[in-house]
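Comments concern the structure below.
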Amino acid sequence: MGKLLIQDKEIVVPGEIIAEGMDHLPGQGTYREGDKIIAGRLGLANVEGRAVKLIALSGRYIPKRNDTIICQVIDVGFSGWRVETNSAYSAMLSVKDATSEFIRRGADITHYFNVGDYLVAKITNVTSQKLIDISTKGPGLRKLHGGRIIQVNCNKVPRIIGKAGSMVSMIKNATGCRITVGQNGLVWLEGEPKSEYIAIEAIRKIEQEAHLSGLTDRVKAFLEEKTGKKVEPGVEEPELR
Amino acid sequence: MYNELRSHVLKLLKADTRLDGRRATEYREPIKVEQGIICTAEGSARVTIGGTQVMVGVKLEIGEPFPDRPDEGTIMVGAELLPLSNPDFELGPPSIQAVELARVVDRGIRESKAVDFKSLCIEPGEKVWLVIIDICPINDAGNLFDASALAALAALKNTRFPKVEDGKISYKEKTNKGMKVVKDPVSVTVCKVGDALIVDPLTEEEKIIDARLTVASTADGTLCALQKGGSMPLSVEDVEKMVAIGISKGKELRVALER
Amino acid sequence: MNTMTYSKRLNDRKMDELRPIEAKVGVIERADGSAMFKIGNTWAYASVYGPRNLYPKFMQDPQSGILRVNYNMMPFSGSGERVRPGANRRAKEISMVSEKALLPVLDLKEFPNSVVDVFIELPQTEAGSRCAGICAASMALADAGLNMKDLVAAVSVGRVDDKLLVDLDYSEEAYEDGPVADIPIAMMPQSGKITLLQMDGEVTKEDLRKAIGMGKEACGRIYEVMKKALKEKYEVQ
């Protein structure tokens with residue numbers, strides 16, 4: 001016997017009883033106490049069959065292996081750089097993960113990356129003590145030039161990118177901006193001043209309305225209104241650029 | 001550290017637009033002034049400029065006058081950059097930024113003679129009112145100077161004197177006597193980036209400006225206080241332009257106070 | 001001998017009635033999580049920053065993030081004279097017990113060497129300030145997306161003369177015509193466990209038990225208010 005006390009897509013708060021009985025399975029963000037499943041955070045309930053999990057709506061970025069992030073160089077050492085990742089932890093980029101060129105010991109590596117530079121990097125390792133290694137060798141990974149960086153709720157990044165990049169691709173096409181979205185909640189944009197601002201407004205709109213249905217259509221309508229042009233729905237891209 | 005951001009801001013300003021889509025000399029919206037919101041204060045106000053929100057409270061105390069001004073009370077302005085309002089603020093004694101904020105707001109009020117210090121006299125040579133103004137930011141999204149100055153003025157305007165019995169203040173009972181505020185000094189902070197001048201800086205803009213000039217003026221356009229900040233110099237022309245912007249924008253902010 | 005008993009509360013409040021409450025989440029945009037909790041004339045803001053870098057290094061715990069709570073009254077928030085800014089012993093103690101009140105619901109093991117900072121500021125106080133601060137902090141921590149097995153609700157219960165009451169106001173805390181006990185209490189509503197318990201005054205063991213029971217019931221009501229405030233922020237705009 002089991003009773004689900006909340007509905008799919010309901011906002012649930014810590015301590016709230018999600019289900020009673022042994023019928024349901026406590027998924028991510030929930031825990032079992034006796035015969036109750038209880039919310040272990042603030043989140044959006046996601047009911048799939050017998051499993052109930054909570055989708056995070058807020059919270060700072062938690063670094064994960066294989067994530068592509070935008071980070072900022074804060075220190076230059078002898079064999080690498082230290083970067084800020086928009087999380088509680090900084091990361092290390094060693095020279096060998098930045099370039100295939102041969103670097104002499106003691107060489108000045110600031111002409112590759114210097115303090116203040118923004119990079120698109122991939123997290124290659126995260127230890128239990130949250131020591132993080134990143135790499136800028138790989139497709140799409142690079143130093144960023146020009147443009148601006150905005151901070152978004154990292155939990156909304158999947159919606160901002162869209163299925164296989166279709167949402168961000170729609171914004172890029174409508175505004176003519178180059179856009180790179182980091183899993184860590186930093187977004188880089190570059191375009192004409194007014195277009196940049198429209199792209200940013202569209203991204204803010206997605207952040208606000210991420211959990212509502214029909215989002216793609218509403219963003220499309222918003223972009224059409226702001227640019228005065230017809231907007232093509234986004235094309236699914238195989239690789240994030 | 002912020003070179004790219006500064007270049008980008010300059011590029012945007014060539015198109016008369018800023019990071020949040022505003023024009024160079026536009027204040028954020030909304031500008032809200034709420035008065036009398038704190039019942040434990042003798043006067044209070046909360047000012048919102050865009051995302052920046054500041055609370056100011058006025059407390060009145062009785063003290064001895066300065067020997068050279070026996071029939072005058074005085075004001076004292078304090079500011080705390082509360083860590084509540086900004087991830088970069090730390091706990092501890094007031095930083096130099098907090099001290100500057102308090103002193104700049106103080107000068108705007110004091111030098112405009114907005115409050116008649118003689119009206120604060122209780123017993124010449126013995127007892128005068130001390131008007132203590134405390135500035136507490138709730139959310140710092142840039143431009144604490146202007147929001148704090150506006151809130152301080154608004155708080156003074158709804159300040160009421162508490163009852164005094166046998167020389168002791170009875171804070172729970174307010175009289176009908178209000179603070180006499182005879183001038184409306186308003187502060188406008190104008191910032192220089194490259195060749196451009198902007199007002200009401202965002203937090204990000206504050207990081208990349210070359211210099212700033214906080215201009216306090218009264219309703220008739222008289223200047224009552226100036227404060228230059230930032231590490232780059234200003235030309236005489238810069239100062240003239242910034243002062244003109246400060247006075248004209250001051251008139252707009254004053255309207256928010258009257259609403 | 002004083003034969004009068006405490007029979008009438010201000011505004012005709014019932015013995016187990018809370019003062020009017022206003023709660024709002026997400027009020028400080030720069031913070032990772034924030035909330036406002038107002039009960040009667042006691043008004044608290046809380047903002048959460050973290051998990052984030054922790055300095056000084058000697059405070060870091062390689063097994064878990066730490067929680068750091070700072071409680072502060074704004075200079076104009078006292079019911080009488082101005083409160084001089086700066087650390088004072090009362091505020092330090094309240095910061096500490098508030099931290100202990102909130103820690104049991106958090107699990108910071110996945111954030112070694114970091115800190116979750118909670119700042120509680122009160123623009124206006126009139127009894128029950130530490131409890132209001134804890135309620136605001138609790139909502140702010142949830143808003144910040146931290147793993148929390150429950151919210152923490154807090155209220156003062158107590159005794160004035162022969163009556164047991166919930167949510168003492170200023171006149172009751174300061175009551176001089178008979179014995180008083182002021183008992184701030186914080187609870188995890190789901191489990192009913194107590195995370196803050198202090199007492200000033202005189203009370204019998206039996207009355208304490210009854211008062212805690214009243215506190216538990218009141219915390220349940222406060223939990224519903226906090227739940228509603230959290231949902232309001234995140235629901236369909």
Side-chain angles (χ1 to χ4, degrees), chain B residues 36-46 48 50-62 76-94 98 102 130-142 155 159 162 168-173 202-203, chain C residues 26-36 38 40-50 52-53 55-56 68-87 91-92 95 115 117-127 129 133 136-137 140 170-171 174:
Chain B
I37 45 151
I38 296 165
C39 66
T40 46
E42 280 71 83
S44 61
R46 173 167 57 188
T48 306
T52 292
Q53 200 181 102
V54 176
M55 271 192 186
V56 170
V58 174
K59 290 296 286 179
L60 297 172
E61 288 182 357
I62 295 178
M76 195 178 98
V77 181
E80 269 198 280
L81 295 183
L82 301 176
L84 172 93
S85 64
N86 185 324
D88 299 328
F89 291 163
E90 288 173 3
L91 285 175
L130 301 173
V131 183
I132 309 177
I133 301 166
D134 284 296
I135 299 167
C136 294
I138 302 292
N139 189 66
D140 177 15
T159 297
K168 266 200 83 189
I169 300 178
S170 179
Y171 282 102
K172 298 233 174 205
E173 298 175 74
L202 297 167
T203 307
Chain C
V27 292
I28 295 171
E29 166 262 316
R30 292 224 54 197
D32 296 315
S34 62
M36 183 275 278
K38 198 169 180 194
N41 281 329
T42 294
W43 185 0
Y45 278 102
S47 65
V48 171
Y49 292 100
R52 60 178 181 175
N53 247 311
Y55 293 113
R68 201 162 51 175
V69 175
N70 188 264
Y71 164 104
N72 186 51
M73 282 172 65
M74 292 184 190
F76 39 78
S77 64
S79 48
E81 288 179 3
R82 177 174 177 258
V83 179
R84 295 193 76 210
K92 284 207 175 106
S95 300
V115 63
D117 272 318
V118 180
F119 298 104
I120 299 171
E121 292 280 344
L122 291 103
Q124 189 178 273
T125 66
E126 201 188 272
S129 60
Y170 188 78
S171 66

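Convention: sequence-line order gives letters A, B, ...; per-chain numbering from 1. Values below: all heavy atoms of this structure, side chains included; hydrogens, waters and symmetry mates excluded.
- Counting all heavy atoms, side chain and backbone alike, C:Tyr49 lies closest to B:Leu84 at OH-O, 2.9 Å.
- The part of B:Ile132 that comes within reach of chain C is its side chain, from C-beta onward, which places non-hydrogen atoms under 4.5 angstrom from that chain.
- Listed by chain and residue number, B:Pro83, C:Asn70, C:Phe119 satisfy the side chain to side chain contact (heavy atoms under 4.5 Å, CB included) test with B:Leu91 (two or more places apart in sequence, or in another chain).
- By the 4.5 Å heavy-atom criterion applied to side chains, B:Met55 and C:Tyr45 are counted as neighbours.
- Using a 4.5 Å cut-off between heavy atoms, C:Asn72 contacts chain B through its side chain alone, with no backbone atom that close.
- When atom types are taken as modelled, the side chain of C:Gln124 and the backbone of B:Cys39 share a donor-acceptor pair closer than 3.5 angstrom.
- Nearest approach of C:Arg52 to B:Pro87, heavy atoms of both residues: NH1-O, 3.0 Å.
- Pairs of residues two or more places apart, or lying in two chains, that qualify as salt bridge (charged side-chain N to carboxylate O under 4.0 Å, His left out) and include a residue from residues 70-87 of chain C are B:Asp134-C:Arg82.
- Of the residues considered (C:Ser79, C:Ala87, C:Ser34), C:Ser79 shows the highest number of contacts with chain B, using heavy-atom pairs under 4.5 Å.
- Inter-residue side-chain proximity for B:Cys136 and C:Glu121 is flagged as unmet; no heavy-atom pair is nearer than 4.5 Å.
- Per-residue heavy-atom pair counts under 4.5 Å with chain C were compared for B:Ser170, B:Ser85, B:Pro93, B:Pro162, and the maximum is reached by B:Ser85.
- Between chain C and the residues B:Lys172, B:Glu42, B:Gln53, B:Glu61, the largest count of heavy-atom pairs under 4.5 Å involves B:Lys172.
- Of all the heavy atoms in C:Phe76 and B:Ile38, the pair that sits closest is CE1-CD1, 3.4 Å.
- The shortest heavy-atom contact between C:Ile28 and B:Asn139 is CG2-OD1, 3.3 Å.
- No part of C:Tyr55 comes within reach of chain B, as not one of its non-hydrogen atoms sits under 4.5 angstrom from that chain.
- Counting only distance, with no hydrogens or angles, the side chain of B:Lys59 and the backbone of C:Gly80 share a donor-acceptor pair below 3.5 Å.
- Remark: C:Tyr170 OH is loosely packed, at most 12 non-hydrogen atoms of other residues, nucleotides or ligands lying under 6.0 Å away.
- Here the CZ atom belonging to C:Arg30 is positioned 4.5 Å from the OG1 atom belonging to B:Thr203, to the nearest 0.5 angstrom.
- We find the CD-CD1 distance between C:Glu29 and B:Ile138 to be 13.5 Å, quoted to the nearest 0.5 Å.
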